[in-house]
Amino acid sequence: MSSESLDSLKKAAAFRAVEFIRDGMVVGLGTGTTAKHMIIALGDKVRSGMKLRGVPTSTETAALATQAGIPLIDSENRWEIDVAIDGADQVDPDFNLIKGGGGALLKEKIVAASAKQFIVMVDYTKQASVLGGSFPLPIEVIPFGWGGTARKIEALTGSRVVLRERNGVPLKTENCHFIVDVHIDRLDQPGELETALNLIPGVVETGLFVGRTHVLIIGTPQGVRTLHVPRK
Ligand code: 5RP
């Protein structure tokens, strides 16, 4: 499928996601190409008179939201987020995710964890029977001693760890950290791995979002599917 066609599936999923938004809500705004469609659609709602406030997960998203006319909440205040909406890089049959392809995983996870409801939008190609394989797991790490942190991640996972670079230099996140991408074939126990990775000194956060999704919206060539995740 062409990238234009995939983008139209992302757009359809994003349009379905904004149907969950009600007047007066505080909305966590994800980052990425799918989130961009959602922000534009939310901007239309604001222009039609809906009162919303947004919590952006990146400076890119903050700029898009401002352009779309969505008022933003000061991130250093106490917040109550009603709904967070974001894209993902992979989703498994238990609705667990890999995120962080765009490097915004830390703020995305803080916002998802703070929201009463977390809505995830994907095109159908992001579905995987098991996480890993085609998409490496991003992990945000402290630059100080990152090589030692990477070795510990390698020892834990038995997988290759690659420092993410841009133009030949380490990519710095908005939070002034590095990202390493872990090339794991199969992530059979994502919950256990997330816990173990977070215990390594130097790891700030992982791109594993386990047990966080409330609603999964999938854009497919046959139409949009909305799945409500059963809570345990
Ligand atoms: C950014 C993310 C994105 O949600 C993820 O990469 C999906 O991006 P897109 O909607 O562009 O496919 O996790 O850190």
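Counting starts at 1 for both ligands and their atoms, in listed order.
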Show the atoms of ligand 1 that are less than 4.0 angstrom away from any heavy atom in [X].
X	value
Gly100	2 (C), 13 (O), 14 (O)
Asp86	4 (O)
Thr31	1 (C), 2 (C), 3 (C), 4 (O)
Gly102	1 (C), 6 (O), 14 (O)

Using heavy-atom distances only, which candidate in Thr125, Asp89, Leu6 approaches atom 5 (C) of ligand 1 most closely?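 Heavy atom nearest to atom 5 (C) of ligand 1 belongs to Asp89.
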
Protein contact to [atom] [nearest heavy atom, distance to 0.1 Å]:
atom	value
atom 4 (O) of ligand 1	Lys99 NZ, 2.8 Å
atom 11 (O) of ligand 1	Thr33 OG1, 2.5 Å
atom 10 (O) of ligand 1	Thr34 OG1, 2.5 Å

Give yes or no for whether the N/O distance cutoff of 3.5 Å, strictly under, is met between Ala104 and ligand 1.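 Yes, since at least one N or O of Ala104 sits under 3.5 Å from an N or O of ligand 1.
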
State plainly whether the residues [X] and [Y] are in salt-bridge range, i.e. N to O under 4.0 Å.
X	Y	value
Asp7	Lys10	no
Glu140	Lys109	no
Lys51	Asp23	no

With a 4.0 Å cut-off on heavy atoms, is [X] touching ligand 1?
X	value
Gly30	no
Lys126	yes
Lys10	yes

